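Ligands are counted one by one from 1 in listed order, and the atoms in each one are counted from 1 as well. Computed from a prediction, not measured in an experiment: that's the story for all the values here. The basis for the numbers below is simple: all heavy atoms, side chains too, and nothing from hydrogens, waters or symmetry mates.
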Amino acid sequence: MTSAMRPTPPGSRYSGLVDKYRRRLPLRAETAAVTLGEGNTPLIELQNIPEVRAREVRVHVKFEGLNPTASFKDRGMTVAVTKAVEEGGRAVICASTGNTSASAAAYAARAEMAAFVLIPEGKIALGKLAQAMMHGSKVIQIQGNFDAGMALVKRIADEAPVILVNSVNPYRLQGQKTAAFEIIEQLGRPPDFHCLPVGNAGNITAHWIGYCEYSSVPGERTTSACAFCDGDCRLLHDRVVADRPKMVGYQASGAAPFLRGTMLEHPETVATAIRIGRPQSWEQAWSASRESAGWFDECTDGEILAAQKLLAEKEGIFCEPASAVSVAGAIRDIGRGKIPEGSQVVCTLTGHGLKDPDTAIKQSVPPITVSAEMDAVKKVILDNMN
Ligand code: F0G
């Protein structure tokens, strides 16, 4: 047993979401988690965005870009790879727009397994490609989009001894549902509206599973120790957790099958993470939307990039373009009154902005170059003070 495989004694320090929520996950008690300390991400209240300040609405962002590989995928990957080890697997495979491949590569490395990742050639952000390469996965670029890759890996996993770790793997969704648990614990109640980007539709599905699960077992949490998790979430009252949020899914206009009501052959958007035309969790996401009385809507690439910049400039939060669609959509729906005053809103920021430096640099003011002299530097400062 390597040091990475040694179970952490419970209660000492935060050691990842498998240890904290094991009793809510389909893993054996004795299986050591393949973990990098994922989960436990901050829930940050927006305070400077004018459109939010103008209304009596509280908006928090769940910054999932602060996971170990800088996206929400790590929540599902820790469970999927832990399960893969439990089942004696030797290799994992996925198709990806970039984040799943980065996460699969990292967790496979941690578990000393092989990883094969299929990505659409030229259509994944630079940081994500660097991650998959650095973690030593076999990167296979296909001359086709994510949906084509997905169709391939599903067939390959049927025929070869490799475990599929896309979100069609149920353990992925089980891990990702823990984000809903954390939000309830951090907010002290479920939000009224949960806004998130939708691509392959696993995340909206997983959050809904999490909220439903939390609301279905309130009675269990009435003893002095939390019977729900092994952490220190404290007790939440039955009344509070019985509520569930409306699930609001936002898509990029060029890749919005849920808005068109049908699968798309040629999705296109600057938010490459959600450049998906054939979501695998199509039915489940519709159910989440319907059962929660939520809705789907779309944002243009311009709106997405504007929201990304707004978060970075006004709040100091740098998320990737796909993540910003949740805030772009929420701001618009708050402005319209579709999300009414008095509401508590949570937006998921799915990935970190450093994943996609090209898109960030393209939309920013370029640096000013001056000579290395006091006067030259001083002039720039004075010119830019107001
Ligand atoms: N945001 C980011 C940053 C993503 O990477 C993804 C999906 C989503 C949102 C959409 O989440 O698919 O659960 O609806 N990325 C996948 C990938 C497809 O391969 O990394 P979803």
Using distance alone, decide if ligand 1 has a nitrogen or oxygen within less than 3.5 Å of any nitrogen or oxygen in Phe146. no

Looking only at distances, please establish whether an N/O atom of ligand 1 is found under 3.5 Å from an N/O atom of Ser323. no

N/O of Gly202 under 3.5 Å from N/O of ligand 1, yes or no? yes

At less than 4.0 angstrom from any non-hydrogen atom of Thr350, what atoms of ligand 1 do you find? 1 (N), 2 (C), 3 (C), 9 (C)

Residue pair Glu38 / Asn67, side-chain donor-acceptor N/O under 3.5 Å: no

Where the closest heavy atom to atom 20 (O) of ligand 1 is concerned, which of Asn200, Thr100, Leu173, Ile124 has it? Thr100

Please could you name the atoms of ligand 1 that Ser96 approaches to less than 4.0 Å, counting only its heavy atoms? 17 (C), 19 (O), 20 (O)

Would you check if Glu51 and Arg332 make a side-chain contact, meaning some heavy-atom pair closer than 4.5 Å? no

Within the 4.0 Å heavy-atom cut-off, what Ile274 brings close to ligand 1 is side chain

Part of Glu320 with heavy atoms under 4.0 Å of ligand 1, whether side chain, backbone, both or neither: side chain

Is Thr205 touching ligand 1 with its side chain, its backbone, both, or neither, if touching means heavy atoms under 4.0 Å apart? neither

May I ask you to say whether Arg244 pairs ionically with Glu291, meaning some side-chain N is under 4.0 Å from a carboxylate O? no

